Amino acid sequence: QVQLVESGGGLVQPGGSLRLSCAASGSIFSINAMGWYRRAPGKQRELVATISSGSSPNYADSVKGRFTISRDNAKNTVYLQMNSLKPEDTAVYSCNADIIQGSTRYVIRSWGQGTQVTVSS
């Protein structure tokens, strides 16, 4: 009943920028924390950034100063602005959200399907 859909991935040259979006839809009362994770080929999934319901951000050391997470609560959307991209940022990026369902008020953690980000010259 709740769906997360990412967009904005693609191919970019080193030093370039991309902006990812993740929109939640369905039976939503409100959303607590939202976040972005990534999985590079041959590696485990790792945290990129999270943002609380009050918009307090938290970043992995590897992206601090380069990536910015933000959210628009009216649109149930979380964003990831990625600047100064490096080849090691290449991965599938997925968003998640702790959603309070509208019908039951249960909290569920939902995941998007992922979007590919490739940083290469």
Side-chain angles (χ1 to χ4, degrees):
Q1 292 187 342
V2 175
Q3 187 178 19
L4 296 181
V5 178
E6 298 107 334
S7 61
L11 173 64
V12 64
Q13 292 186 340
S17 298
L18 282 175
R19 188 191 194 209
L20 306 182
S21 300
C22 172
S25 62
S27 179
I28 299 171
F29 176 74
S30 65
I31 302 177
N32 292 337
M34 305 181 82
W36 288 95
Y37 292 73
R38 67 186 181 187
R39 187 192 298 271
K43 295 186 177 180
Q44 291 187 336
R45 184 172 64 193
E46 64 174 354
L47 169 72
V48 176
T50 61
I51 187 166
S52 70
S53 57
S55 294
S56 294
N58 178 58
Y59 298 98
D61 288 342
S62 58
V63 306
K64 280 181 181 177
R66 300 189 297 123
F67 291 10
T68 301
I69 189 170
S70 61
R71 63 190 288 170
D72 184 334
N73 292 330
K75 296 181 179 180
N76 291 330
T77 299
V78 62
Y79 305 97
L80 186 68
Q81 177 66 45
M82 305 185 293
N83 298 329
S84 302
L85 282 161
K86 305 175 182 180
E88 51 263 43
D89 294 318
T90 295
V92 175
Y93 286 70
S94 300
C95 65
N96 76 356
D98 292 334
I99 295 173
I100 302 174
Q101 290 185 289
S103 57
T104 65
R105 297 298 193 266
Y106 291 157
V107 180
I108 60 171
R109 173 160 289 185
S110 294
W111 288 86
Q113 81 287 352
T115 185
Q116 177 69 47
V117 172
T118 302
V119 185
S120 175
S121 56

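Every value quoted in this text rests on a predicted model; they were computed, and no experiment measured them. One is the number of the first residue; the rest follow in order along the sequence.
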State, with a plain yes or no, whether a side-chain heavy atom of Ile100 is found less than 4.5 Å away from one of Tyr106.
no

Roughly how far, to the nearest 0.5 Å, is the CD1 atom of Ile99 from the OG atom of Ser110?
4.0 Å

Does the pair Tyr59 and Val48 meet the rule for a side-chain contact (heavy atoms from CB on, under 4.5 Å), with working shown?
CA-CA 6 Å; Tyr59 298 98; Val48 176; over 6 Å; no

To check you understand the geometry: which heavy-atom pair defines the closest contact between Arg71 and Ile51, and what is its length?
NH1-O, 3.5 Å

Can you find a heavy atom in the side chain of Tyr37 that is under 4.5 Å from one in the side chain of Asn96?
yes

Can a side-chain donor-acceptor contact be found between Glu88 and Thr90 if the only test is distance below 3.5 angstrom?
no

Has the side chain of Ser27 got a donor or acceptor atom that lies under 3.5 Å from a matching backbone atom of Ser103?
yes

To the nearest 0.5 Å, what is the distance between CD (Gln3) and CD1 (Ile28)?
10.0 Å

Can you measure from OG1 (Thr104) to CD (Gln1) and round to the nearest 0.5 angstrom?
7.5 Å

Grab the two heavy atoms, one from Ser84 and one from Ser17, that are nearest each other, plus how far apart they are.
N-OG, 4.4 Å

Is the backbone N or O of Ala60 less than 3.5 Å from a side-chain atom of Ser62, with the two atoms forming a donor-acceptor pair by type?
no

Please examine the side chains of Tyr79 and Asp72, heavy atoms only from C-beta on, and report whether any two atoms are closer than 4.5 Å.
yes

State which residues pass salt bridge (charged side-chain N to carboxylate O under 4.0 Å, His left out) with Arg39; sequence neighbours excluded, sorted by chain then number.
none

Are Phe67 and Leu85 side-chain neighbours, meaning at least one heavy-atom pair lies under 4.5 Å?
yes

The salt bridge (charged side-chain N to carboxylate O under 4.0 Å, His left out) partners of Arg66 (sequence neighbours excluded) come to Asp89

Do Val92 and Val117 land in one hydrophobic cluster if side-chain heavy atoms of ILVMFWY residues count as linked below 4.5 Å?
no

Heavy atoms of Leu80 and Ala49 approach each other most closely as CD1-CB, 4.4 Å

Under 4.5 Å between any side-chain heavy atoms of Arg38 and Val63, yes or no?
yes

Atom CD of Gln81 with >12 non-hydrogen neighbours under 6.0 angstrom
yes

Out of curiosity, Thr118 OG1 to Leu18 CG, how far, rounded to the nearest 0.5 Å?
9.5 Å

Side-chain contact, heavy-atom cut-off 4.5 Å: Ser120 with Leu11?
yes

Can Asn58 and Leu47 be said to form a side-chain contact (heavy atoms from CB on, under 4.5 Å), step by step?
CA-CA 10 Å; Asn58 178 58; Leu47 169 72; 3.9 Å; yes

Using modelled atom types and a 3.5 Å cut-off, is there a donor and acceptor pairing between side-chain atoms of Glu6 and backbone atoms of Gln113?
yes

Closest contact, heavy atoms only, Ala97 versus Ile31
CB-CG2, 3.9 Å

If you define the side chain from C-beta out and look only at heavy atoms, does anything of Trp36 sit under 4.5 Å from Ile69?
yes

Can you check side-chain contact (heavy atoms from CB on, under 4.5 Å) on Gln13 and Val119, steps first, answer last?
CA-CA 5 Å; Gln13 292 186 340; Val119 185; over 6 Å; no

Can you see which heavy atom on Cys95 is nearest to which on Val78, and at what distance?
CB-CG1, 4.4 Å

Would you check if Gln101 and Ile108 make a side-chain contact, meaning some heavy-atom pair closer than 4.5 Å?
yes

Give me the atom names and distance for the closest heavy-atom approach of Ser94 to Gly114.
OG-CA, 3.5 Å

